[in-house]
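Reading through the structure tokens given below for one structure.
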Amino acid sequence: MSEEQSEGRGSFTGRLGFVLAAAASAVGLGNLWRFPYLTSHYGGGMFVIVYIVLAVTFGFSLMVAEIAIGRRTGKSCISAFGDLAKKYKWIGVLAAIIPALIVPYYCVIGGWVTKWFATTVVGDLSTLTSDGGGYWWSYITGGIEGMGGPMIWFFVFAALCLLCVIVGVDKGIEKVSKVLMPMLLIMMVAITIYELTLPGIWDGIVYYFNPDVSKLNGGTFLGAISQIFYSMSLAMGIMITYGSYMKKDVSIEKSARNISLIDTTVAILAGLMIVPPAYIFGFGDSAGMGLMFVALPQVFAQMPAGEFVAPVFYLLVVFAALTSAVSLLETVVSVFIDGAKVKRKMSIIISSVLLFVIGVIVVLGFGPLMTDLSPFDQGAGWLGILDTLTNSFLMPIVAILTCVFIAYVVKVSFVTDEVESEGNAFMFKRPFEYMIKYICPICLAAILIFGTLDMFGIYSVY
Ligand code: PHE
């Protein structure tokens, strides 16, 4: 947040402003890139259903809790935990480390999207579809333009993000996303409708929606819960910070419901746009995390006027990714201001050094710095390692700690009172209390333990 805001604590213009700003942070590569490839990986419809169930239970509850803590304390995450109970400041610190680990690899993927935009805008769509589905992997591993190619696009995206943070565009983002988010949604719907004309698409759609019970296993839950945190921007202090800027008379419950709804709808739609064609083109799981970069160009290549649709679509994705990346980097910046008491300028410098150093390692992780830490690296080098570390370990840990902190240190009423302040109703108060006190911490602990055992090959959840 910009300087005058952090001193005077500016606030969003009301519920719509708040919901849109938070949704702009939530809707990003998590929905468009990560959700579709995970759905393919975990076998289609079953994953989609588990995701939705977890979003309305775990995701919604944690979002209410975080926004309420933020608004009640008026602080970002480090100070919020620290002020409530000095002993527990470290939970805030732990949460704050997560965005710092995510933003570098987020910008690497943002760089890929920017490259896909740059390629299609000059009419080179056919390059992306050359070599069957092999172009993406060749490109990121340096087989096309050497490592310099992906490196430059990482720099371009990261520099854009940094620029937004330096200029301080939070208010601008609120305005821009009012236009661009609906445009992206319309575009996604239109592309999906076009896809209905592809021969055999029905098989893909059935694959996407049909819950095949034989595909349900511990892994489905593991993948889905990591995706909830990532996509809904939870368990990393973001929603606490957003909450701190929320006006008192705005309903937290309704806002959380709307943000969850927007985020989940975009994810399901992105999946519907990407997974069925990927299925019929035969990519399925083989494209791994490249699914979006491999499957969509094939769709555009067949679409009438596809060479015009493609650049517009990628540009909108660049924006969606940028708004999320900016909110991640803003959080990192505010962490150093809050936690290390440095000036904003200094904090921006430290954050960007971190961003660029880790980002370069991630880019080179597909080339000379390739490591083999399977299955921890998901076959994607340092990007995979950071992704697993944050989504499968740190976020569940922070989420468990947040629940325990609320339930047993400050008490659940600390949150529920805030939700009910100024006469706002809290419809799901009872279920919320159960979720935070028992269900979330216990289930998340189980997921974390089994996930860890699985990762180290001690016990298989599949
Ligand atoms: N939720 C964002 C996405 O889906 C990622 C993100 C996480 C953005 C945390 C900001 C903060 O892409």
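Both ligands and their constituent atoms are indexed starting at 1 by order of listing.
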Nearest to atom 3 (C) of ligand 1, what protein heavy atom do you find, and at what distance? Ala26 O, 3.2 Å

Considering only protein heavy atoms, which is closest to atom 6 (C) of ligand 1, and at what distance to one decimal place? Ser233 OG, 3.7 Å

Result of checking Ser76, Ser324, Cys77, Ser233 against Ile238 for side chain to side chain contact (heavy atoms under 4.5 Å, CB included): Ser233

Check: Asp83/Thr73 side-chain N/O donor and acceptor closer than 3.5 Å: no

For Glu66 and Arg71, what are the C-alpha separation, side-chain angles and deciding distance, and is it a salt bridge (Lys or Arg N to Asp or Glu O under 4.0 Å)? CA-CA 9 Å; Glu66 289 196 18; Arg71 191 169 75 180; over 6 Å; no

Does atom CE of Met370 have more than 12 heavy-atom neighbours, drawn from other residues, nucleotides or ligands, at distances under 6.0 Å? yes

Quick test of your reading of the structure: of Trp33, Tyr230, Tyr242, whose heavy atom lies closest to atom 5 (C) of ligand 1? Tyr230

Separation between CZ (Phe393) and OG1 (Thr388), nearest 0.5 Å, reads 7.5 Å

Does Tyr106 have a heavy atom less than 4.0 Å from any atom of ligand 1? yes

Centre of Phe60's six-membered ring, under 6.0 Å away, within 45 degrees of the axis: is that where NZ or CZ of Arg257 sits? no

Nearest to atom 8 (C) of ligand 1, what protein heavy atom do you find, and at what distance? Ser25 O, 3.3 Å

Counting heavy atoms only, which of Ala24, Gly30, Ser327 is nearest atom 10 (C) of ligand 1? Ser327

Looking at OH of Tyr106 and SG of Cys161, how far apart are the two atoms once the value is rounded to the nearest 0.5 Å? 10.0 Å

Taking 4.0 angstrom as the limit and counting only heavy atoms of Asn31, give me the atoms of ligand 1 inside it, by number and element. 4 (O)

Taking heavy atoms and a distance under 4.0 Å, where does Arg34 meet ligand 1: side chain, backbone, both or neither? neither

Result for ring pair (Phe, Tyr, Trp, His ring centres under 6.0 Å) between Phe293 and one of Trp112, Tyr139, Phe117 points to Trp112

Closest to atom 11 (C) of ligand 1 among protein heavy atoms sits Ile238 CD1, 3.0 Å

Which of the atoms in ligand 1, numbered in the order shown and given with their element, are less than 4.0 Å from a heavy-atom of Ser324? 8 (C), 10 (C)

Would you say Asp263 has any N or O atom under 3.5 Å from an N or O of ligand 1, going by distance alone? no

